[in-house]
Amino acid sequence: MQTLPNGSTQMGYRIEAMLVEPVMKAALDALQKSLKGAQLKPRGWERIVGLLREEVGEIDLNDTLAHVLAALADGTDTDDLSLPLPRLHIPLHLYGPLLLAAPAASVEAGAQLSLLEDQPVSLRISPPALENSEARLVWDLRRVWERLHGQAPWAGIEVVLLRNLASVGVGLFASEGFYPDFLLWLKRGDAQALAFVEPKGLRHQWPTDKFHLLEHGVPQWRFSVPVRGFVLSGNTEQELQMHQPGFTWAKAPSVLLQQDADGQYVQRLLGELRALLPA
């Protein structure tokens with residue numbers, strides 16, 4: 001939370017420009033990746049490093065932030081997927097914009113969003129900026145809801161999204177605690193349904209305890225509204241089979257949804273929540 005000049009509070013970010021050394025490291029790491037296989041002349045790398053050190057200074061965010069804040073104040077700020085401050089606007093989120101951890105590009109004529117992770121944002125942002133799977137959820141939720149909200153089955157329904165705060169927000173507990181990345185509500189009249197949503201890559205682990213908690217524990221909780229939980233993953237079957245032999249998406253836990261390119265997982269998630277609302 002941040003305190004505004006008039007004494008009121010609202011959710012916001014802390015943004016700091018990185019010092020020269022972290023900026024240099026990020027630039028050189030990206031350059032080394034792009035130069036794989038290239039033949040540099042003797043001492044070529046040293047000259048490149050020397051030129052970067054000569055040219056690179058601290059990032060000056062004053063003009064950028066002044067422009068963004070002025071645009072936010074008059075309601076004209078829009079998506080900007082480029083550096084130095086890539087960001088998304090989604091009317092369904094309780095505050096905006098949402099900042100990205102890297103510049104991004106949309107592919108397939110504006111459908112799927114992909115972060116350009118080899119060009120990280122050279123800023124310190126707190127709470128942390130959205131990673132790829134998180135940004136994809138925000139992007140996909142916006143485009144799917146734009147298509148659905150005018151259809152008869154969704155008449156009178158509102159969708160609200162809130163990014164959860166790690167370690168201090170809403171925590172769930174299995175063998176160890178975890179804090180879902182997002183809280184997602186559906187509201188129709190006075191009736192509501194709530195989902196805990198965690199978009200995560202699963203390349204490094206298979207969280208059996210988390211799936212069990214979300215499948216069997218959370219639906220039994222006696223909240224004032226019905227609650228469900230979901231884990232989202234953009235991994236391929238082959239990637240997940242490395243940690244769960246024999247895995248197929250057809251046999252996946254009911255709470256594990258694949259972040260497909262068309263955003264069908266968002267429609268399934270919203271559909272399951274809608275089914276919890278009284279007719």
Side-chain angles (χ1 to χ4, degrees), residues 1-2 8-13 88-98 127 130 133-174 177-200 207 209-233 252-260 262-279:
M1 301 298 293
Q2 60 182 354
S8 64
T9 58
Q10 69 178 31
M11 301 190 80
Y13 293 92
L88 287 177
H89 285 269
I90 172 172
L92 298 77
H93 201 272
L94 286 179
Y95 66 94
L98 286 168
L130 300 183
S133 58
E134 299 165 336
R136 281 186 62 184
L137 170 62
V138 173
W139 179 268
D140 290 340
L141 179 61
R142 183 176 69 181
R143 64 188 177 109
V144 169
W145 186 241
E146 285 174 350
R147 174 171 53 84
L148 291 181
H149 81 278
Q151 300 178 10
W154 299 95
I157 292 179
E158 299 176 60
V159 177
V160 181
L161 183 70
L162 175 64
R163 189 164 179 231
N164 197 19
L165 297 178
S167 302
V168 296
V170 176
L172 311 180
F173 296 87
F178 74 96
Y179 291 78
D181 293 320
F182 291 94
L183 308 178
L184 175 67
W185 286 271
L186 255 62
K187 183 177 184 294
R188 181 166 56 198
D190 293 331
Q192 297 185 40
L194 170 65
F196 303 122
V197 185
E198 182 164 295
K200 290 292 183 188
D209 60 333
K210 185 180 298 184
F211 293 146
H212 185 272
L213 173 67
L214 295 179
E215 278 191 307
H216 304 290
V218 170
Q220 305 303 317
W221 288 355
R222 295 188 177 183
F223 276 29
S224 58
V225 299
V227 181
R228 294 294 183 269
F230 300 90
V231 175
L232 313 178
S233 175
S254 63
V255 296
L256 176 61
L257 306 183
Q258 182 185 19
Q259 285 187 291
D260 60 287
D262 295 327
Q264 293 298 316
Y265 72 97
V266 172
Q267 187 160 344
R268 177 178 165 187
L269 194 163
L270 293 176
E272 294 201 22
L273 280 184
R274 187 186 65 186
L276 300 176
L277 296 175

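- Formation of a donor-acceptor pair under 3.5 Å by the H149 side chain with backbone atoms of E146 is found in this model.
- Put simply, the side chain of L183 reaches to within 4.5 Å of the side chain of F196, judged on heavy atoms.
- Under the rule for a side chain to side chain contact (heavy atoms under 4.5 Å, CB included), the partners of Q151 that lie at least two apart in sequence or sit in another chain are R147, L148, P153, W154.
- A donor-acceptor contact shorter than 3.5 Å links the side chain of E215 to the backbone of S254.
- Residues L162 and Y95 meet the side-chain proximity criterion, which asks for heavy atoms closer than 4.5 Å.
- One distance of note links CG of L184 with CZ of R163; it measures 15.0 Å at 0.5 Å rounding.
- Nearest approach of R188 to P278, heavy atoms of both residues: NH2-O, 2.7 Å.
- Between Q259 and Y265 the shortest side-chain heavy-atom distance falls below 4.5 Å.
- When all heavy atoms of R274 and L186 are compared, the closest pair comes out as N-CD2, 3.6 Å.
- The minimum heavy-atom distance between L88 and A135, with the atom names listed, is CD1-O, 4.1 Å.
- Here the side chains of L141 and L270 are in contact, with some heavy-atom distance below 4.5 Å.
- Atom CZ in F230 sits 5.0 Å away from atom CG in L269 (nearest 0.5 Å).
- Taking CD of E134 as the start and CD of E198 as the end, the distance is 9.0 Å to the nearest 0.5 Å.
- Distance CG/D140 to CD/Q264: 10.5 Å, rounded to 0.5 Å.
- When the side chain to side chain contact (heavy atoms under 4.5 Å, CB included) test is applied to S224, no partner is found at least two apart in sequence or on another chain.
- Between the CG atom in L194 and the CG atom in L276 there is a gap of 10.0 Å [rounded to 0.5 Å].
- Side chain of K187 to backbone of G189: a donor-acceptor contact under 3.5 angstrom is found.
- Put simply, the side chain of R136 does not reach to within 4.5 Å of the side chain of P199, judged on heavy atoms.
- What you find for R142 and P91 is that their closest heavy atoms are CD-CD, 4.4 Å.
- Partners of R268 by side-chain hydrogen bond (donor to acceptor under 3.5 Å, both in side chains), not counting sequence neighbours, listed by chain and number: E272.
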(Q) side chain to side chain contact (heavy atoms under 4.5 Å, CB included) for K200 and D181? Distances and angles first, verdict last. (A) CA-CA 9 Å; K200 290 292 183 188; D181 293 320; 3.3 Å; yes
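- Heavy atoms only, all atoms of each residue included: F211 and P253 are closest at CD1-CG, 3.9 Å.
- Ring planes of W221 and F223: parallel class, angle under 30° (limits at 30 and 60°).
- Here the side chains of H93 and V138 are not in contact, with every heavy-atom distance at 4.5 Å or above.
- Note that CG of L161 is 13.0 Å distant from CH2 of W145, once rounded to the nearest 0.5 Å.
- Between L256 and S233, the closest side-chain pair of non-hydrogen atoms falls below 4.5 Å.
- The two residues Q192 and L277 make their nearest non-hydrogen contact at C-CD2, 3.6 Å.
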